[in-house]
Number of protein chains: 2
Amino acid sequence: MARPRAFDETQILNAAQEQFWDAGYAATSMEDLMQVSGLGKGSIYAAFGDKRQLFLRALRNYIEGNHEQLRRVLSDTPRAIDALRMLLDAPVDEGADSGVRRGCLLANSTCELGNADPEVLALAHATYETSTELIADCISRAQDEGGLPAQSDAIGLARAILTAQQGIVYMSRTGMTTAALKATSRSLADHLLPAHSGA
Amino acid sequence: MARPRAFDETQILNAAQEQFWDAGYAATSMEDLMQVSGLGKGSIYAAFGDKRQLFLRALRNYIEGNHEQLRRVLSDTPRAIDALRMLLDAPVDEGADSGVRRGCLLANSTCELGNADPEVLALAHATYETSTELIADCISRAQDEGGLPAQSDAIGLARAILTAQQGIVYMSRTGMTTAALKATSRSLADHLLPAHSGA
DNA sequence: GTCATTATTGACCGTGCGGTCCACAATAGT
DNA sequence: ACTATTGTGGACCGCACGGTCAATAATGAC
């Protein structure tokens with residue numbers, strides 16, 4: 001009954017996400033977004049509202065993707081303890097080859113906007129709460145499997161792992177060599193997850 | 001022979017630093033800087049060049065202050081192991097009462113500008129290299145004092161502690177409660193610095 | 001084919017930005 | 001007191017930004 005959309009909304013969100021991830025919120029102009037999306041300005045505004053709303057949707061899109069991946073890793077890895085170690089290793093590989101270390105979009109956004117935009121802050125808070133629970137579940141599994149001492153507080157340890165991971169993500173942006181980064185992630189994993197599996 | 005400055009350069013740098021810390025680089029306008037410094041636009045440009053240069057000086061100012069404080073804590077604390085624990089505790093107290101958790105200016109700046117401004121990135125890299133060395137020295141001291149096992153790699157452990165600290169700094173910005181934050185810092189300290197001193 | 005409806009485009013707008021400049025103020029030397 | 005020199009403040013500039021809008025294109029219903 002009317003002219004159909006010529007673009008896929010998710011595709012645009014992905015493109016916007018990449019752009020915001022590369023440059024940050026403030027440093028991304030509508031021109032940039034037009035370029036990476038291939039859309040005219042009017043189409044973007046008609047479809048998403050304004051820059052901030054597009055950003056928020058792209059950010060939510062990113063978070064969902066991240067959580068999906070987290071869930072997959074945590075549940076698909078045979079030994080739970082290995083999954084936990086992977087959490088600390090993952091940021092090291094991210095973009096190691098391409099040389100561009102842009103960290104985590106949510107972390108970047110929280111740093112840039114967390115003080116000024118309550119919605120971004122709330123998104124960050126909720127995300128890390130969920131992450132903590134997912135990780136804690138995995139810790140319980142590791143305890144059941146005997147990979148971790150049973151007495152330790154799963155939520156507390158989950159928070160420590162998450163915090164360490166965020167530390168690694170950040171340090172990866174500071175020009176640390178991949179080798180140093182790898183060693184650090186390993187060191188943190190060894191300290192936080194005492195029993196580890198082989199070489 | 002000429003009209004003297006009516007302001008103290010360091011004072012302006014401190015004011016600018018606070019402003020950039022509160023709002024970030026892009027979200028700070030020259031108007032903001034005029035307001036917090038009490039200076040006219042012309043004076044700022046005459047004294048500091050442009051916005052970016054003022055920012056870089058404010059950032060360097062911040063870094064120097066931070067390192068001074070780090071040095072002081074690391075050397076003035078009687079037992080080195082306690083100093084190391086303090087590194088992880090410090091971010092928790094920072095701004096806990098006022099409620100504003102603005103993290104670390106250098107970290108914020110690196111997240112916002114690290115990809116786009118090589119100078120900021122270089123500053124971050126150099127800073128963390130220095131921090132790592134300072135912490136490593138303190139670790140050696142802790143080993144000499146018997147507070148830490150002597151066999152562990154000081155630099156590696158220093159990097160792990162620094163990374164964990166940055167993780168805590170970041171998590172403090174995500175709306176975590178002070179209690180959870182405190183528990184996390186304690187947990188990380190306990191895992192990274194096995195031997196600790198009393199209740 | 002006609003029409004109603006929605007998508008698309010790009011010209012256009014007002015605003016706030018970083019940055020410049022100039023008239024004026026304040027000092028030190030003589 | 002006069003002058004040279006530098007600091008100060010704010011008016012001013014051009015620009016790029018986010019955002020709007022109207023003309024046009026593409027579809028489905030009938």
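Here is how names work: the chains are called A, B, and so on, in the same order as the sequence lines, proteins then strands, and each is numbered from 1.
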(Q) Between B:K51 and C:dG18, is there a contact of a side-chain N or O with OP1 or OP2 at under 4.0 Å? (A) yes
Q: Whole angstrom is fine here: how far is it from CZ in B:F55 over to C1' in C:dC17?
A: 18 Å
Q. Between A:Y62 and A:W21, how do the two ring planes meet: parallel, tilted or perpendicular, split at 30° and 60°?
A. perpendicular
Q | Side chain A:R5 and base C:dA7 donor-acceptor under 3.5 Å | A | no
Q: In whole angstrom, give the distance that lies between atom CG of B:D8 and atom C1' of D:dG7.
A: 15 Å
Q | B:E145, CD: over 12 other non-hydrogen atoms inside 6.0 angstrom | A | yes
Q: Could you work out which one of D:dA26, D:dT5, D:dT8 sits closest to the side chain of B:A2?
A: D:dT5
Q) When you check the phosphate oxygens OP1 and OP2 of C:dT9, does a side-chain N or O of A:S43 lie under 4.0 Å from one of them? A) yes
Q: Check A:A26 against A:E112 and note the closest heavy-atom contact, atom names and distance.
A: N-OE2, 2.9 Å
(Q) What is the separation between atom CZ on A:F48 and atom P on D:dG18, rounded to the nearest whole Å? (A) 16 Å
Q: Please state how far atom CZ in B:R3 lies from atom C1' in D:dG7, giving the value in whole angstrom units.
A: 5 Å
Q.
Within the supplied structure, the quantity of interest is the number of heavy atoms (other residues, nucleotides, ligands) at a distance under 6.0 Å from B:E18 CD; does it exceed 12?
A. yes
**Q.** B:M30 CE to D:dG14 P, straight-line distance once rounded to whole Å
**A.** 20 Å
Q. Of the nucleotides C:dT8, D:dC17, C:dG18, which one has an atom closest to the side chain of A:A6?
A. C:dT8
Q. Between A:V100 and A:D22, is any pair of side-chain heavy atoms under 4.5 Å apart?
A. no
**Q.** Closest-nucleotide 5' rank along DNA chain C - winner of B:Y45 and B:P4
**A.** B:Y45
Q.
Using whole Å, what does the distance between atom P of nucleotide C:dG16 and atom CG of B:D32 come to?
A. 13 Å
Q.
Rounded to whole Å, how long is the line connecting atom CZ of B:F7 with atom C1' of D:dT6?
A. 12 Å
(Q) Rounded to whole Å, please give me the gap between CD1 in B:I44 and P in C:dC21. (A) 18 Å
Q. Hey, which of these two, A:T28 or B:K41, hits DNA chain D nearer its 5' end, going by closest nucleotide?
A. B:K41
